[in-house]
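Heads up: the structure comes next, in structure tokens.
Computed from a predicted structure; not experimentally measured. Values reported hereafter were calculated over all heavy atoms of this structure, with side chains retained and with hydrogens, waters and symmetry mates removed. Per chain, numbering begins at 1; letters A, B, ... match sequence-line order.
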Amino acid sequence: MGLNVALGFLILLACQLVGELLVRGLDVPIPGAVVGMVLLFVGLLLFQEIPNGLRQTSEGLLKVLPLLLVPAGVGIMQYLGFLSDAWAELLTALVISTFATLFIVAFILQRMLARKSEQQDRDPS
Amino acid sequence: MSWSELQMLPVLWLVVTLVVFLFASWLNAKAGRSPFLHPVLVSLTLIILVLMLSGTDYQSYMSGGQYIHFLLGPAVVALAVPLYDNRAMIRQMWLPLLVGCTSGAVLAAASALAVGVLLGLSDEMLLTLAPKSVTSPIAIAVAEKMGGYGSLAAGLVLITGALGCLFAPWVYRLLNIEDPAVKGFALGVGAHAMGTAFAFEYGVMAGAFAGLAMAMTGAFTAFFLPFLVVLFGL
């Protein structure tokens, strides 16, 4: 079981490594880990099965995902001075834009999915 | 041993981070999982307070924090596993997902720019503001490429993430949304990695769709933003 977890971790890190090499080689502003995720997803689609250890390691990491964001988030403290110049303008823009984005994306998906399931109800093929 | 020596111990900041996070999670459970007391938001606030009161800079904190931060990379890769588990749903929903992602990404940048222009922000500030709803590595790279401030862009990304987690439960109640895929996807488009972490509270399926949304929005934004800012005369 211990070896399984090591193998799972190796698969994740190897995908990330290939992702990093790709974004560096192609000089695109996309994080290597995001490319690694796409690579692993395609790999799983081809392989048609999730190795035991990979599932254990992945689920373990994803369970603590909020904790993993904390150190990067503490970085806000470096920008507190910067923000004080135009904080009211920036905050207004962020609040309006973030609310509008969540609202519209949720609304579009809700409507498009509702129409889709209606079609399926009418036409059970 | 003096405080300035103790301050340089990486393990001290690992212990502080874990203690604060466990406390914040306990507090959140006590408060009935209120989004205003989200464990990440509470942890950030408390740790920043501790650092400021003890006169510790971010670099010293990250001497320990980097070990936790490093795991974010493999965790993002790991999002492929829940995505694979939900592959049938993704295949079935690809058109709504594509429309939702692209319109959300354009709206996020365009509405922030529009409000910024109305409030008279400088061109550099506007270019910094534009990539605020994508995950920070993409936002920093995009802002710098366009002539904004990369480090401030990272800060705005974090604030956007926090706001997204605050607003999401409210928006979903307003629109009467129950579907975890919709909840997760909207959070991933609007609030990147912080939204993705938050989405896991709606279940693994919501988390997987949030991760998918984060990746799609990030890649799409990196390509279209240089064209959008031209429309705003920047």
side-chain contact (heavy atoms from CB on, under 4.5 Å) between F167(B) and F103(A): does it pass, once the steps are laid out?
CA-CA 9 Å; F167(B) 294 157; F103(A) 191 92; over 6 Å; no

Start with the C-alpha gap between L119(B) and L90(A), add the side-chain angles, then the distance that decides, and say whether side-chain contact (heavy atoms from CB on, under 4.5 Å) holds.
CA-CA 9 Å; L119(B) 296 177; L90(A) 289 172; over 6 Å; no

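If you measure heavy-atom distances from L113(B) to chain A, you find no contacts under 4.5 Å at all. In this structure, chain B has heavy atoms under 4.5 Å from both the backbone and the side chain of L12(A). Q16(A) touches chain B through backbone and side chain together, each having a heavy atom under 4.5 Å away. For L67(A), the parts lying under 4.5 angstrom from a heavy atom of chain B are both the backbone and the side chain. Proximity to chain A (any heavy atom under 4.5 Å) is shown, for L72(B), by both the backbone and the side chain. Heavy atoms closer than 4.5 Å to chain A are found in both the backbone and the side chain of I68(B). For chain A, the nearby parts of Y84(B) are the backbone and the side chain; heavy atoms of each come within less than 4.5 Å. With a 4.5 angstrom heavy-atom cutoff, L97(B) touches chain A via backbone and side-chain atoms both. Of the atoms belonging to P74(B), heavy atoms from both backbone and side chain fall under 4.5 Å from chain A. Interface residue M62(B): only side-chain heavy atoms are found under 4.5 Å from chain A. Neither the backbone nor the side chain of W13(B) comes within less than 4.5 Å of any heavy atom in chain A. Interface remark: L95(B) contributes backbone and side-chain atoms alike to the contact with chain A (heavy atom separation under 4.5 Å). Contact annotation for F21(B): only side-chain heavy atoms (C-beta onward) come within less than 4.5 Å of a heavy atom of chain A.
With chain A as partner, the option from T17(B), L156(B), D179(B) having the largest number of non-hydrogen pairs under 4.5 angstrom is L156(B). Heavy-atom pairs under 4.5 Å with chain A peak, among G116(B), G190(B), A75(B), at A75(B). Put simply, of V157(B), L212(B), L83(B), V40(B), the one with the most heavy-atom pairs under 4.5 Å next to chain A is L83(B). Most heavy-atom pairs under 4.5 Å with chain B: of the set G75(A), A86(A), A100(A), G36(A), this distinction falls to G75(A). With respect to chain A, the highest number of heavy-atom pairs below 4.5 Å among V189(B), I47(B), L152(B), N176(B) belongs to L152(B). In terms of non-hydrogen atom pairs under 4.5 Å with chain A, the most contact-rich of L158(B), V76(B), V171(B) is L158(B). Interface remark: of the candidates G104(B), P96(B), G65(B), G120(B), P96(B) forms the most heavy-atom pairs closer than 4.5 Å to chain A. Note on L102(A), L113(A), T57(A): by heavy-atom pairs under 4.5 Å with chain B, the leading option is L102(A).
A heavy-atom distance below 4.5 Å is found between the side chains of L94(A) and L129(B). No side-chain heavy atom of L68(A) sits under 4.5 Å from any side-chain heavy atom of H69(B). Side chains of P66(A) and F198(B) form no contact here, defined as non-hydrogen atoms less than 4.5 Å apart. Annotation: side chain of L44(B) is not in contact with side chain of M77(A) (no heavy-atom distance under 4.5 Å).
For residues 30-51 of chain A, the set of pairs meeting the side chain to side chain donor-acceptor pair (under 3.5 Å) definition, not counting sequence neighbours, is empty. Sequence neighbours left out, the pairs with a member in residues 96-116 of chain B that pass side chain to side chain donor-acceptor pair (under 3.5 Å) are S97(A)-S111(B). Pairs engaging residues 75-104 of chain B under the salt bridge (charged side-chain N to carboxylate O under 4.0 Å, His left out) rule: R55(A)-D85(B) [sequence neighbours left out].
Atoms CD and CD1, on Q110(A) and I177(B) in that order, are 4.5 Å from each other to the nearest 0.5 Å. Distance check: K132(B) NZ to T101(A) OG1 gives 4.5 Å after rounding to the nearest 0.5 Å. We find the CZ-CG distance between F200(B) and L62(A) to be 4.5 Å, quoted to the nearest 0.5 Å.
For residues 53-60 of chain B, the interface with chain A (any heavy-atom pair closer than 4.5 Å) comprises T56(B), Y58(B), Q59(B), sorted by residue number.
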